[in-house]
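First comes the structure, then the notes that go with it.
What you see is a predicted model; the values in this text were computed from it and never measured.
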Amino acid sequence: MATAQDYVEAFHGPEAIARVSILGVGISRITLQQTLELMSAWIRRRERRRICVVPTNSILAAYRDPRLRTVYNTADLVLPDGMPVVWASRLYGPPLPERVTGLDLFPAFCARAAQEGFRMFLLGSHPEVLRKLVQLLPRRYPGLRLVGYYSPPFRPRLREADNALIMERIAQAQPEVLWVSLGAPKQDLWIAENLERLPNLIAIGIGAALDAEAGRWRRAPRWMQRAGLEWLARLVQEPRRLSRRYLLEAPLFIPLVLRDALGARFAKGEAPYERPA
């Protein structure tokens, strides 16, 4: 079995981390622990990297939008945000090892950053959420270096003046990890468009993970997370904002994946993939 260090070395070797293509979006075959190891290695090497955390609705958006699909397929890592993505991968071959959500990655990396002294910047979400996190995170993760935060104006697309101010604040703070919470896929598009203007850092879009860490809404119990029902707990708490995503868009994912995965296999003359006993 590959170790976390194997993944760090593989990324810089002749072969990149393997991916499984789901509706044309390449999802990285990597675990949460391996992701933490790889991020730490990138920081120590002072590399500029881009990570996307992709739930089913983002995969559907990329299926319809070639530009967004390119954004995901050119990212350094594309993480499977949710059990439905892991389940879908089983139709394409050996499944993804596990889900790697922004909700899990953010606190796990905060704990590591507190130990390693990595510098972090929070961008997006709501001003009150960021103000709460500035007080909460250093207490929750003693030693954490939160070097800056900013909540830009809420717009469908940030203006150049907004971006200029963001770049100025980040340049002054010199973070090593930039957590972007602008909503998916807006955050992923913003990172791709502006990465070269940023200092060498890891930029990662994490959706509502900052809100969850601040306690703005409660995560589902572990059994619901393992059963792929975390979306239901979120829908109950935010029905107005999430009903379209979960009740109208998400049901389209299953038939599209079935057609895509099985059609591709039969076209190649392959039998449907069966999990080993």
Side-chain angles (χ1 to χ4, degrees), residues 32 35-36 39 43 51-53 55 79 81-82 100-156 158 162-163 165-188 190-191 194 198 201-222 224-225 230-243 245-246:
L32 174 61
T35 301
L36 296 173
M39 290 175 67
I43 292 172
I51 300 176
C52 299
V53 182
L79 305 178
D81 191 356
V100 185
T101 72
L103 300 175
D104 293 321
L105 178 59
F106 181 74
F109 192 83
C110 282
R112 172 165 293 215
Q115 295 178 343
E116 300 285 345
F118 298 146
R119 301 186 303 276
M120 306 195 329
F121 191 105
L122 309 181
L123 175 65
S125 190
H126 299 273
E128 61 269 22
V129 169
L130 296 187
R131 286 192 291 267
K132 184 172 183 179
L133 289 175
V134 167
Q135 301 296 321
L136 177 65
L137 291 177
R139 295 199 302 266
R140 187 170 290 170
Y141 308 100
L144 184 67
R145 300 178 66 186
L146 186 58
V147 296
Y149 65 97
Y150 179 59
S151 178
F154 180 76
R155 316 184 201 278
L158 293 177
D162 300 324
N163 285 330
L165 179 57
I166 292 170
M167 299 304 159
E168 179 182 350
R169 295 193 177 207
I170 293 174
Q172 291 173 350
Q174 288 296 301
E176 292 163 311
V177 181
L178 173 65
W179 301 95
V180 184
S181 178
L182 298 175
K186 177 183 174 182
Q187 60 199 13
D188 303 310
W190 184 89
I191 292 171
N194 292 280
L198 295 167
L201 51 69
I202 300 172
I204 174 170
I206 50 168
L210 298 185
D211 291 7
E213 191 72 15
R216 195 174 186 188
W217 51 270
R218 298 185 306 279
R219 291 201 66 181
R222 285 290 180 185
M224 291 187 73
Q225 296 180 36
E230 188 157 25
W231 64 271
L232 182 57
R234 289 201 59 195
L235 178 62
V236 169
Q237 296 178 69
E238 300 181 275
R240 179 175 296 183
R241 190 172 75 85
L242 298 176
S243 58
R245 177 192 302 182
Y246 291 139

Item to check | Side-chain heavy atoms of S151 within contact of V129, under 4.5 Å | outcome: no
Checklist entry - Between L122 and L210, does a side chain to side chain contact (heavy atoms under 4.5 Å, CB included) hold up when you go through it step by step? => result CA-CA 8 Å; L122 309 181; L210 298 185; 4.1 Å; yes
Checklist entry - Side chains of L201 and Q174: closer than 4.5 Å at any heavy-atom pair? => result no
Item to check | Heavy-atom side-chain proximity of I51 to I202 below 4.5 angstrom | outcome: yes
Next on the checklist: Working note: R119 + V177, criterion side chain to side chain contact (heavy atoms under 4.5 Å, CB included); need CA distance, chi angles, decisive distance, verdict.
Outcome noted: CA-CA 6 Å; R119 301 186 303 276; V177 181; over 6 Å; no
Checklist outcome for this item: So CG of D211 and NZ of K132: to nearest 0.5 Å the spacing works out to 10.5 Å
Checklist entry - Taking the side chain from R112 and the backbone from A108, do they hold a donor-acceptor pair closer than 3.5 Å? => result no
Checklist outcome for this item: Minimal heavy-atom distance between A114 and P142, with the atoms involved, is CB-O, 3.4 Å
Item to check | Test side chain to side chain contact (heavy atoms under 4.5 Å, CB included) applied to Y149 and L123, step by step | outcome: CA-CA 6 Å; Y149 65 97; L123 175 65; over 6 Å; no
Item to check | Inter-residue atom distance L133.CG - S125.OG, 0.5 Å rounding | outcome: 7.0 Å
Next on the checklist: On a heavy-atom basis, which atom in L103 and which in A212 lie closest, and how many Å separate them?
Outcome noted: CD2-CB, 3.7 Å
Checklist entry - Is there a donor-acceptor pair under 3.5 Å between the side chain of Q187 and the backbone N or O of G207? => result yes
Checklist entry - Between V180 and D188, is any pair of side-chain heavy atoms under 4.5 Å apart? => result no
Checklist entry - Roughly how far, to the nearest 0.5 Å, is CG of L130 from CD of Q135? => result 12.0 Å
Checklist entry - If you measure from CD on E176 to CE on M39, what distance do you get to the nearest 0.5 Å? => result 11.0 Å
Item to check | R145 (side chain) donor-acceptor with G117 (main chain) under 3.5 angstrom | outcome: yes
Next on the checklist: Does any part of the side chain of L165, heavy atoms only, come nearer than 4.5 Å to the side chain of Y150, both counted from C-beta?
Outcome noted: yes
Checklist outcome for this item: Correct closest heavy-atom pair for I206 and G102 would be CG2-CA, 4.3 Å
Checklist entry - Any sub-3.5 Å donor-acceptor pair from N194's side-chain atoms to W190's backbone N or O? => result yes
Checklist entry - Using the ring of each side chain (for Trp, its six-membered ring), is W179 parallel, tilted or perpendicular to F106, with breaks at 30° and 60°? => result perpendicular
Item to check | F121/R169 under side chain to side chain contact (heavy atoms under 4.5 Å, CB included): CA gap, chis, key distance, verdict | outcome: CA-CA 10 Å; F121 191 105; R169 295 193 177 207; 4.2 Å; yes
Next on the checklist: Could you tell me if the side chain of M120 sits less than 4.5 Å from the side chain of V147, heavy atoms only?
Outcome noted: no
Checklist entry - Mind checking whether C52 and L79 have side chains closer than 4.5 Å, heavy atoms only? => result no
Checklist outcome for this item: Tested for side-chain contact (heavy atoms from CB on, under 4.5 Å) against D81, the lone hit among D104, V100, L105, T101 is T101
Checklist entry - Is Y141 close to P107 at the side-chain level, that is, under 4.5 Å between some pair of heavy atoms? => result yes
Item to check | E213 bridged to R140 by N-O distance under 4.0 Å | outcome: yes
